[in-house]
Amino acid sequence: MSDNYSGRTIVITGGTSGIGLATTKRFLSAGANVAICGRDETRLKNALSGIKREFGEEHLLGVACDVLNKKQVSDFADAVVDRFGGVDTLVNNAGQARLSTFENTDEEAWREEFELKFFSIIHPSKIFQSHLKKSGSGAIVCVSSLLSRQPEPRLVATSAVRAGQLNLIHSMAAELAPAIRINSILIGVIISGQWHQRFESAKNAGNDFDSWVKKQAIEKGIPLGRFGQPEEAANAIFFLGTPMSSYTTGSTIDLSGGYSRHVG
Ligand code: NDP
């Protein structure tokens with residue numbers, strides 16, 4: 001199957017950093033149109049100028065938008081359709097993890113976590129749904145986590161809410177078929193902006209970033225012996241977000257380097 005997707009339009013929430021940014025480049029390198037969003041204007045501007053240097057600006061659109069704000073998502077959708085005429089793939093990627101235990105997650109934190117993990121999928125999926133339906137090969141890809149099947153002690157709220165999110169995606173897959181397919185990638189650890197921030201706040205490690213990351217991978221016991229790269233996640237998103245995966249919906253791809261211990 002050809003790797004040329006010129007004329008296909010991809011929307012990537014949180015496309016200004018990490019996995020979203022690598023996915024933007026992956027689709028642009030296949031000739032697709034890509035629209036990205038993020039909340040921080042400076043991060044958006046910097047990401048856009050870097051991408052333009054590599055790929056030009058003909059197939060690129062960037063809009064500041066918080067996926068938790070319905071009006072902003074709706075304005076983002078209007079801007080995408082004005083510019084590219086429709087939408088074929090939506091990548092629900094925006095978000096971050098919350099480091100917390102059951103003991104220290106307060107009620108407000110629980111609500112914030114529910115809101116982020118659910119509405120970062122619900123708002124964009126509902127708002128882009130009519131355009132995806134018209135595509136003829138509409139696809140939604142959700143960037144999720146291995147935590148949805150394998151909770152971690154220091155990520156209690158994120159793990160619980162990720163499990164609910166996966167359940168929601170399963171329901172959506174049945175309801176949106178056959179017009180729109182929806183699948184997820186389940187990440188163990190991928191090096192991204194989040195991990196650079198965690199490194200900054202763990203300065204006592206006294207290492208450079210690469211050595212710190214290597215040590216973390218060994219301590220975690222990841223069978224492939226390392227964290228993943230954003231480009232490895234982007235390849236899986238590319239597969240699920242194009243007709244290459246035309247007979248797959250309600251499914252997941254594991255990107256955990258073998259760290260997954262659950263069966264089924
Ligand atoms: P990064 O921090 O590098 O990127 C996150 C992106 O999301 C940024 O562009 C950020 O921009 C954007 N974003 C965050 N919140 C919002 C929001 N409310 N509205 C719009 N944009 C938003 O992290 P990753 O690449 O690691 O994260 C991508 C996804 O992968 C996240 O959902 C994360 O939870 C998930 N994931 C990542 C793992 C990993 O190991 N890297 C593990 C498991 C899951 P801005 O802040 O400017 O809005």
Side-chain angles (χ1 to χ4, degrees), residues 1 3 5 8-30 32-38 65 67 73 76-77 80 84 86-96 116-129 131-149 162 165-188 190 192 228-256:
M1 186 173 274
D3 194 27
Y5 285 100
R8 193 170 177 87
T9 297
I10 320 299
V11 170
I12 302 173
T13 67
T16 61
S17 172
I19 295 163
L21 181 58
T23 306
T24 299
K25 294 181 180 179
R26 179 69 186 87
F27 277 103
L28 284 171
S29 68
N33 303 316
V34 181
I36 63 172
C37 77
C65 157
V67 290
V73 180
F76 178 38
V80 178
F84 297 126
V87 180
D88 303 287
T89 299
L90 166 67
V91 182
N92 286 321
N93 164 75
Q96 65 203 32
L116 175 63
K117 298 298 187 296
F118 278 91
F119 285 98
S120 63
I121 289 185
I122 293 169
H123 289 330
S125 302
K126 274 196 182 266
I127 287 166
F128 283 98
Q129 186 176 344
H131 304 297
L132 292 165
K133 260 190 183 159
K134 285 185 208 145
S135 155
S137 61
I140 302 176
V141 185
C142 299
V143 178
S144 188
S145 171
L146 176 61
L147 296 172
S148 60
R149 294 204 167 126
R162 284 288 193 197
Q165 189 193 57
L166 195 59
N167 187 294
L168 165 69
I169 294 165
H170 241 75
S171 297
M172 288 170 69
E175 199 171 320
L176 301 183
I180 305 171
R181 299 180 300 105
I182 175 164
N183 293 288
S184 315
I185 62 166
L186 301 188
I187 295 172
I190 296 280
S192 69
Q229 294 296 329
E231 293 72 22
E232 293 175 299
N235 282 334
I237 295 168
F238 186 84
F239 172 70
L240 293 174
T242 61
M244 289 174 92
S245 58
S246 51
Y247 200 51
T248 303
T249 195
S251 191
T252 59
I253 292 182
D254 178 284
L255 278 134
S256 71

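FYI, the numbering just counts along the sequence from 1. Here the structure is a predicted model, which means the values were calculated and not measured.
- Counting only distance, with no hydrogens or angles, the side chain of Arg181 and the backbone of Leu240 share a donor-acceptor pair below 3.5 Å.
- The shortest non-hydrogen separation linking Ile185 to Ala236 is CG2-CB, 3.9 Å.
- With rounding to the nearest 0.5 angstrom, the SG atom of Cys142 is 8.0 Å from the CG atom of Leu168.
- Side-chain atoms of Asn93 do not come within 3.5 Å of backbone N or O of Ile19 as any donor-acceptor pair.
- A search for side-chain hydrogen bond (donor to acceptor under 3.5 Å, both in side chains) contacts involving Ser192 returns nothing, not counting sequence neighbours.
- For the salt bridge (charged side-chain N to carboxylate O under 4.0 Å, His left out) condition, the pairs that include at least one residue of residues 14-25, sequence neighbours left out, are Lys25-Glu54.
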Is there a side chain to side chain contact (heavy atoms under 4.5 Å, CB included) between Thr89 and Thr242? Walk through the geometry before answering. CA-CA 7 Å; Thr89 299; Thr242 61; 5.6 Å; no
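- Considering only residues two or more places apart in sequence or on other chains, Ser120 meets the side-chain hydrogen bond (donor to acceptor under 3.5 Å, both in side chains) condition with none of them.
- Under the 3.5 Å distance criterion, the side-chain polar atoms of Asn183 are left unmatched by any main-chain donor or acceptor of Thr252.
- Partners of Ser144 according to the side-chain hydrogen bond (donor to acceptor under 3.5 Å, both in side chains) rule, which considers only residues two or more places apart in sequence or in another chain, are Gln165.
- Closest of all the heavy-atom pairs between Val67 and Cys37 is CG1-SG, 4.3 Å.
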Decide yes or no on side chain to side chain contact (heavy atoms under 4.5 Å, CB included) for Leu90 and His131, but give the supporting numbers first. CA-CA 10 Å; Leu90 166 67; His131 304 297; over 6 Å; no
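- For the residue pair Ser148 and Leu186, the shortest heavy atom distance occurs at OG-CD2, 3.7 Å.
- Scanning both residues, Thr249 and Ala173, for their nearest heavy atoms gives OG1-CB, 3.8 Å.
- The stretch residues 228-241 participates, sequence neighbours left out, in these salt bridge (charged side-chain N to carboxylate O under 4.0 Å, His left out) pairs: Arg226-Glu232.
- In this structure, Arg149 has no salt bridge (charged side-chain N to carboxylate O under 4.0 Å, His left out) partners at least two apart in sequence or on a different chain.
- Taking the side chain as every heavy atom from C-beta outward, Ile140 and Leu176 approach each other to under 4.5 Å.
- Residues forming a side chain to side chain contact (heavy atoms under 4.5 Å, CB included) with Thr9 (at least two apart in sequence, or on another chain): Asn33, Val80, Phe84, Asp88.
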Please set out all donor-acceptor pairs under 3.5 angstrom arising from side-chain atoms of residues 121-129, sequence neighbours excluded.
{"residue": "Ser125", "atom": "OG", "partner": "Asn92", "partner atom": "ND2", "Å": "3.2"}
{"residue": "Ser125", "atom": "OG", "partner": "Ile121", "partner atom": "O", "Å": "2.6"}

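- Shown here are the ring pair (Phe, Tyr, Trp, His ring centres under 6.0 Å) partners of Phe238, two or more places apart in sequence or in another chain: Tyr5, Phe27.
- Here Thr23 pairs with nothing under the side-chain hydrogen bond (donor to acceptor under 3.5 Å, both in side chains) rule; sequence neighbours left out.
- The two residues Ala32 and Ile10 have their closest heavy-atom pair at CB-CG1, 4.0 Å.
- Residues forming a side chain to side chain contact (heavy atoms under 4.5 Å, CB included) with Asp254 (at least two apart in sequence, or on another chain): Leu146, Ser256, Ser260.
- The line from CD1 of Ile182 to CD1 of Ile180 is 8.5 Å long, rounded to the nearest 0.5 Å.
- Between Gly18 and Pro230, the closest heavy-atom pair is O-CB, 3.7 Å.
- A distance of 6.5 Å separates CD of Gln96 from CG of Leu116, quoted to the nearest 0.5 Å.
- Shown here are the side chain to side chain contact (heavy atoms under 4.5 Å, CB included) partners of Ser137, two or more places apart in sequence or in another chain: Arg8, Ser135, Pro243.
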